[in-house]
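Take a look at the structure below.
Heavy atoms only: backbone and side chains are in, while hydrogens, waters and symmetry mates are out.
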Amino acid sequence: MPFLPGDTRFSRRSVFLLLVLSLWAGASSAQDSYRIATEGTYPPWSFKDARGELQGWDVDIAHALCEKMKAKCEIVAQDWDGILPGLLARKYDMIVASMAITEQRRQRVAFSDKYKETVSRFVARKGTSADVSPAALKGKSIGVQRGSIQAGYLSREYKNSDLRFYDTPQAAELDLVAGRVEYIFGNMVTYYVGFMKTPQAKDFDFVGPDLKGGLLGEGNGIALRKDDPQTLAKVNAALAAIRADGTYDRITAKYFPFKLM
């Protein structure tokens, strides 16, 4: 039965269709919004400047990903030992904090494609033996950041050493300089561009080989909850995009004189 312009049935149906179309258009054009956690005391990866604002390589990467995803993002600082529990408690949607991909962590969260390699090194006073095997470091004091992959590695492989756990890498570095620990163990790049560039490090150097893989992870990824595959897909697409258009390399060159992948 045809509808005439004056027919009330026509008007009601038109209003209903216009309302549905309006709601659909609004939903389809709504901007995604994400809360992103980073560590905040781990220069040059993430740290707070003099104004208390988050800066660093991971922070810049997070902003670049949000731009590619056309998403509105809030980046917050979270202590490292609570960063995974916070994600699982839905305090934020993802972690962009140079987190190493390990099998143990994969059991709890989903990871994006790898976006950085990880190499771990020991640092000790110059002239120290290059032998940093578990047998050689039996009884030796080693400082490491609590909750890090390096802490897990030492706890497993260096049970006969005197392990000291710190809330931040900087606290361990201070104890190394003060002679309260004999070694520190952590991310090689972090030491290279941070501690090793300071006057306090003049009497210290890397000792032993590059260590990576296994308990020390498969590189770094962005952590998300396993029940959010849609966001994971968007993050992987955005990672591929910033690698392809040079954004990733430009951000890296801002902080490091070498490539990270």
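Contacts classified as disulfide (SG to SG under 2.5 Å) and involving residues 42-81 (residues at least two apart or in different chains) are given here: Cys66-Cys73. Applying the salt bridge (charged side-chain N to carboxylate O under 4.0 Å, His left out) definition to pairs two or more places apart or across chains, those involving residues 64-73 are Lys68-Asp245.
Under the 4.5 Å side-chain heavy-atom criterion for Ile, Leu, Val, Met, Phe, Trp and Tyr, Tyr42 and Leu174 are members of distinct hydrophobic clusters. The hydrophobic cluster containing Leu87 does not contain Trp45, counting ILVMFWY residues as joined when their side-chain heavy atoms lie under 4.5 angstrom apart, directly or transitively. Phe165 and Ile184 are assigned to two separate hydrophobic clusters, defined by single-linkage of ILVMFWY side chains at heavy-atom distances under 4.5 Å. Residue Val109 is not grouped with residue Leu224 when hydrophobic side chains (ILVMFWY) are merged at heavy-atom distances under 4.5 angstrom, including chains of intermediate members. At a threshold of 4.5 Å between side-chain heavy atoms, the hydrophobic network of Ile, Leu, Val, Met, Phe, Trp and Tyr places Leu154 and Val207 in one connected group.
In terms of modelled atom types and a separation under 3.5 Å, the side chain of Lys91 and the main chain of Arg35 share no donor-acceptor contact. Asp79 contributes no side-chain N or O that, together with a main-chain N or O of Asp81, makes up a donor-acceptor pair within less than 3.5 Å. Remark: side-chain polar atoms of Tyr92 are paired, donor with acceptor, to backbone N or O of Ile83 under 3.5 angstrom. With hydrogens and angles ignored, the 3.5 Å screen pairs no side-chain donor or acceptor of Thr102 with any backbone N or O of Leu215. Of the possible donor and acceptor atoms, none in the side chain of Arg125 sits under 3.5 Å from a partner among the backbone N and O of Glu182. Between the side chain of Tyr255 and the backbone N or O of Gly56, at least one donor-acceptor pair lies under 3.5 Å. The closest donor-acceptor contact from the side chain of Arg164 to the backbone of Arg180 lies under 3.5 Å.
Between atom CD of residue Gln55 and atom NZ of residue Lys48 there is a gap of 11.5 Å, rounded to the nearest 0.5 Å. Residue Gln150 holds its CD atom at 6.5 Å from CG of Leu216, rounded to the nearest 0.5 Å. Atom NZ of Lys234 sits about 8.5 Å away from atom CG of Asp228, to the nearest 0.5 Å. Rounding to the nearest 0.5 angstrom, the gap separating the CZ atom in Phe111 from the NZ atom in Lys226 is 10.0 Å. Interatomic distance, OG1 of Thr190 versus CE of Met196, reported as 12.5 Å (0.5 Å rounding). Atom CH2 of Trp80 sits about 13.5 Å away from atom OG1 of Thr168, to the nearest 0.5 Å.
Within the 4.5 Å cutoff, the side chain of Pro44 has no heavy atoms near those of the Val189 side chain. Residues Lys259 and Thr252 fail the side-chain proximity criterion, which asks for heavy atoms closer than 4.5 Å.
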Would you please test Lys254 and Asp60 for salt bridge (charged side-chain N to carboxylate O under 4.0 Å, His left out) and show each step?
CA-CA 10 Å; Lys254 177 180 173 182; Asp60 288 356; 3.0 Å; yes
Going through the checks in order, is the side chain to side chain contact (heavy atoms under 4.5 Å, CB included) test met by Val235 and Met69?
CA-CA 8 Å; Val235 167; Met69 294 188 292; 4.1 Å; yes
Pair Ser133, Asp131 - check side-chain hydrogen bond (donor to acceptor under 3.5 Å, both in side chains), show working.
CA-CA 6 Å; Ser133 65; Asp131 185 357; 2.9 Å; yes
Tell me, with the steps shown, if Ile222 and Val96 meet side chain to side chain contact (heavy atoms under 4.5 Å, CB included).
CA-CA 5 Å; Ile222 294 165; Val96 183; 4.0 Å; yes
Let me see the working for Trp57 and Leu260 under side chain to side chain contact (heavy atoms under 4.5 Å, CB included), right down to the final yes or no.
CA-CA 11 Å; Trp57 185 85; Leu260 298 177; 3.6 Å; yes
Please test Phe185 against Leu211 for side chain to side chain contact (heavy atoms under 4.5 Å, CB included), starting from the C-alpha separation and ending with a verdict.
CA-CA 10 Å; Phe185 185 57; Leu211 297 170; 3.8 Å; yes
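One side chain, Ser98 or Asp58, offers a donor N or O that lies under 3.5 Å from an acceptor on the other. Side-chain contact of Asn220 with Lys116: a donor-acceptor pair under 3.5 Å is present, judged by distance alone.
Qualifying side chain to side chain contact (heavy atoms under 4.5 Å, CB included) partners for Pro85, counting only residues two or more places apart in sequence or in other chains: Arg108. Partners of Asp167 by salt bridge (Lys or Arg N to Asp or Glu O under 4.0 Å), not counting sequence neighbours, listed by chain and number: Arg146. Not counting sequence neighbours, the partners of Ser161 by the side chain to side chain contact (heavy atoms under 4.5 Å, CB included) test are Leu137, Ile142, Tyr158, Leu163. Remark: Tyr183 pairs with no residue by the ring-ring contact (aromatic ring centres under 6.0 Å, His included) rule, at least two apart or across chains. Every residue was checked against the salt bridge (Lys or Arg N to Asp or Glu O under 4.0 Å) condition with Asp205, not counting sequence neighbours, and none meets it. With sequence neighbours left out, Lys212 forms a salt bridge (Lys or Arg N to Asp or Glu O under 4.0 Å) with no residue at all. With sequence neighbours excluded, no residue forms a side-chain hydrogen bond (donor to acceptor under 3.5 Å, both in side chains) with Asp93. Checked against ring-ring contact (aromatic ring centres under 6.0 Å, His included), Tyr192 has the following partners two or more places apart in sequence or in another chain: Phe258. Shown here are the side chain to side chain contact (heavy atoms under 4.5 Å, CB included) partners of Thr198, two or more places apart in sequence or in another chain: Phe195, Gln200, Ala201. With sequence neighbours left out, Asp113 forms a side chain to side chain contact (heavy atoms under 4.5 Å, CB included) with Asn236.
When all heavy atoms are compared, the tightest approach of Glu218 to Lys114 is O-CD, 3.2 Å. Across all non-hydrogen atoms, the minimal contact from Ser112 to Leu232 is CA-CD1, 3.7 Å. Here the closest non-hydrogen pair linking Arg105 and Gly147 is NH2-O, 3.5 Å. Between Ala172 and Gly143 the shortest heavy-atom distance is CB-C, 4.2 Å. Closest approach of Ala77 and Gly40 over heavy atoms only: CB-CA, 4.4 Å. When all heavy atoms are compared, the tightest approach of Gln145 to Ser148 is O-OG, 2.7 Å.
Each of Ile101, Ile242, Leu65, Leu239 was evaluated against Tyr115; a single residue qualifies, Leu239, per the side-chain contact (heavy atoms from CB on, under 4.5 Å) test.
Surrounding CD of Glu53 are more than 12 heavy atoms belonging to other residues, nucleotides or ligands, all under 6.0 Å away.
By the 4.0 Å N-to-carboxylate-O rule, Arg90 lies close enough to Asp227 to be salt-bridged with it.
Using the six-membered ring where Trp is involved, Phe206 and Tyr191 have ring planes that are tilted, between 30° and 60° apart.
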